[in-house]
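Computed over heavy atoms, backbone and side chain alike; hydrogens, waters and symmetry mates excluded.
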Amino acid sequence: MRQAYNAGREGQIQALKASRPYALYKHGDSETPRIIHLKWNNLVLPVDDPWWDTHSPGNGWGCKCKKYSLSERELKRRGLTVGTAPDNGSYTWTNKKTGEEFELPLGIDPGFDYTPKNTTELTSQVKKQIADKPPLAKRIEDYQATRIVPSAYSSAKNVTALKLDPLLAQLDSEVLEGLNDFLIAKQTKTVFVNQTQMSAGSKANAAIRSEVGEYLGVDEFYARMQYSIRGAKNCGGFTSVGYEHIVVKVKSAQNLAKVDMQALKDSAALTVQRSANNKGEYPYNWHGETIKRDHTISHEANSLDKHQAHSLVSTWLHELGHQVHYYAGAPELLKNALPVTYYGAVNKYEQFAEAFTAWALARKELKKWQPELVSWIDQLVKDAAKSQDKRR
């Protein structure tokens with residue numbers, strides 16, 4: 001149905017190209033966005049640019065991206081400029097039924113590398129797509145590979161991987177690319193549990209051991225050790241070098257769908273800015289110098305909503321930062337780098353996790369203050385994605 005709509009739209013675009021010579025790529029509102037499609041958002045090219053021959057939406061199963069035509073006047077009114085066709089590389093796809101190999105642009109699903117210009121062409125193409133469609137198990141595997149957050153176990157109905165994904169999709173492209181590479185490589189799992197479930201020895205803790213064990217792929221006895229902690233009241237989340245998952249504490253009233261990601265990014269940027277100007281709430285001695293820092297990035301995010309759902313995102317990033325750090329060999333923070341927060345001065349692990357959270361949520365602000373630190377984290381994330389060893 002989407003392709004039928006797109007075919008009609010393409011006919012209109014071609015008919016009006018004399019007065020509307022430009023085409024605009026707009027990313028759709030998919031709950032599980034494709035990273036490359038996000039990069040193409042607001043790209044403007046001439047209607048007749050060859051790039052559109054293979055990249056006119058839709059560009060895959062479930063893709064909701066759209067293509068619009070623009071006049072010269074509309075282009076100026078929107079503040080857009082004509083760009084150049086991006087080259088994101090290609091991949092080889094093999095039709096398992098025929099053995100044929102096809103070279104396709106990255107970001108384009110097999111069978112979608114064409115522009116539907118009329119109903120006859122569309123009907124022919126759809127019949128071919130259905131015939132070539134992989135089995136359900138393979139489609140699920142491919143679908144999961146397009147997710148930012150691979151998966152999550154959650155005891156709160158409104159805190160899920162599907163609700164976290166579109167929030168992370170709003171991060172800066174450099175951050176998103178790094179996160180995506182790491183999570184595709186490591187498939188880090190997430191366990192969202194409430195305080196009583198996290199509390200070691202409680203009945204609520206014991207009640208979910210079978211479910212969590214099944215999710216983590218371990219037996220029930222070992223599962224309890226993987227999401228339990230003493231002093232859960234004072235813990236927002238945790239992980240370990242021996243885990244391939246992170247644990248984040250949730251409340252039943254929290255709802256990720258209500259998180260304003262821009263507000264969270266602004267809050268993190270303000271925390272970084274206050275640290276850069278030495279105007280944080282907590283003063284302490286750092287190598288003979290008194291510096292002032294706010295407690296944590298998550299602590300500052302708590303004020304954004306009464307249920308503190310915003311801080312769930314920053315806490316998730318903080319704990320993921322530990323896993324990145326372990327895979328990167330757990331080095332000391334870059335020489336002469338300053339702690340981003342008060343909690344970040346506890347040890348090298350928390351120093352990196354807080355710096356990583358700032359890098360993810362406020363990369364531009366952190367780069368103004370400590371550009372070498374940002375470049376260092378950029379490289380460390382890449383190294384972690386490729387590493388097979390972990391170290392504490």
Side-chain angles (χ1 to χ4, degrees), residues 35 141 144-153 161 164-165 168-169 171-192 212 215-218 222-223 225-227 229 235-248 296-298 312-335 337 339-341 343-363 366-367 370 372-392:
I35 308 303
E141 179 184 338
Q144 289 176 334
T146 67
R147 296 267 297 276
I148 303 170
V149 185
S151 64
Y153 169 88
L164 182 56
D165 249 13
L168 297 178
L171 296 174
D172 291 356
S173 59
E174 298 93 339
V175 172
L176 197 55
E177 186 174 345
L179 286 180
N180 196 53
D181 288 347
F182 179 80
L183 289 169
I184 285 176
K186 306 307 175 191
Q187 293 293 301
T188 308
K189 295 183 176 182
T190 301
V191 177
F192 288 114
V212 176
Y215 171 62
L216 296 179
V218 298
Y222 190 54
M225 302 178 193
Q226 308 253 320
Y227 63 91
I229 193 169
C235 176
F238 64 93
T239 190
S240 168
V241 69
Y243 294 176
E244 294 300 332
H245 68 279
I246 60 178
V247 182
V248 179
T296 64
I297 291 174
S298 291
L312 276 180
V313 181
S314 52
T315 300
W316 183 88
L317 286 165
H318 177 103
E319 298 306 331
L320 182 67
H322 284 306
Q323 285 294 322
V324 170
H325 195 210
Y326 297 145
Y327 268 111
E332 299 286 344
L333 205 67
L334 184 68
K335 187 178 180 181
V340 175
T341 63
Y343 187 57
V346 171
N347 54 45
K348 70 175 185 179
Y349 307 104
E350 303 306 338
Q351 191 176 16
F352 179 83
E354 284 293 285
F356 178 85
T357 308
W359 168 85
L361 291 173
R363 188 178 189 277
L366 185 61
K367 193 171 184 177
Q370 301 192 65
E372 295 85 0
L373 178 59
V374 169
S375 298
W376 184 76
I377 295 177
D378 285 344
Q379 186 59 50
L380 211 71
V381 173
K382 292 178 182 177
D383 294 342
K386 297 175 183 177
S387 172
Q388 298 301 314
D389 300 316
K390 299 174 82 173
R391 184 184 307 165
R392 178 170 171 78

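- Arg363 and Asp378 are joined by a salt bridge, as a carboxylate oxygen and a charged side-chain nitrogen come within less than 4.0 angstrom of each other.
- Here the straight-line distance linking atom NZ of Lys186 with atom CD of Gln323 works out to 10.5 Å at 0.5 Å rounding.
- When the shell of 6.0 Å around NZ of Lys348 is examined, it contains more than 12 heavy atoms from other residues, nucleotides or ligands.
- Nearest heavy-atom pair across Ile148 and Asn180 is CA-OD1, 4.2 Å.
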**OP:** List the steps and the verdict of side chain to side chain contact (heavy atoms under 4.5 Å, CB included) for Leu317 and Leu179.
**Re:** CA-CA 10 Å; Leu317 286 165; Leu179 286 180; 4.2 Å; yes

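- Checked by atom type and distance alone, the side chain of Asp165 pairs as donor or acceptor with a backbone atom of Val149 at under 3.5 Å.
- Note: Leu361 CG to His318 NE2 = 12.5 Å, rounded to the nearest 0.5 Å.
- Considering all non-hydrogen atoms of both residues, Glu174 and Trp359 come closest at O-CZ2, 4.5 Å.
- Shown here for Pro331 and Trp376, the closest heavy-atom pair between the two residues is CG-CZ2, 3.9 Å.
- No side-chain heavy atom of Lys382 sits under 4.5 Å from any side-chain heavy atom of Asp181.
- Between the side chain of Tyr243 and the backbone N or O of Thr188 there is no donor-acceptor pair closer than 3.5 Å.
- Closest approach of Thr357 to Ser314, counting heavy atoms only: CG2-O, 3.7 Å.
- Nearest heavy-atom pair across Tyr343 and Glu350 is CE2-OE1, 3.2 Å.
- Heavy-atom minimum distance, Ala161 versus Ser151: CB-C, 4.0 Å.
- Residues satisfying the ring pair (Phe, Tyr, Trp, His ring centres under 6.0 Å) criterion with Tyr349, sequence neighbours excluded, are His325.
- In this structure, Tyr326 and His322 have parallel ring planes: the angle between them is below the 30° cut-off, well short of the 60° mark.
- Checking Ser298 against Thr315 by side-chain atom types alone, a donor-acceptor pair falls below 3.5 Å.
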**OP:** Test Leu216 against Lys189 for side chain to side chain contact (heavy atoms under 4.5 Å, CB included), laying out the working first.
**Re:** CA-CA 8 Å; Leu216 296 179; Lys189 295 183 176 182; 4.2 Å; yes

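- Annotation: the span from Ile377 atom CD1 to Leu333 atom CG amounts to 6.5 Å, rounded to 0.5 Å.
- Residues Leu312 and Leu164 fail the side-chain proximity criterion, which asks for heavy atoms closer than 4.5 Å.
- Taken from OG1 in Thr341 to CD1 in Ile297, the straight-line distance is 6.5 Å, to the nearest 0.5 Å.
- Taking NE2 from His245 and OH from Tyr153, the interatomic distance works out to 12.5 Å, rounded to the nearest 0.5 Å.
- For the atom pair CD (Glu319) and CZ (Phe356), the distance works out to 11.5 Å, reported to the nearest 0.5 Å.
- With contacts defined as side-chain heavy-atom distances shorter than 4.5 Å, the pair Phe182/Tyr327 qualifies.
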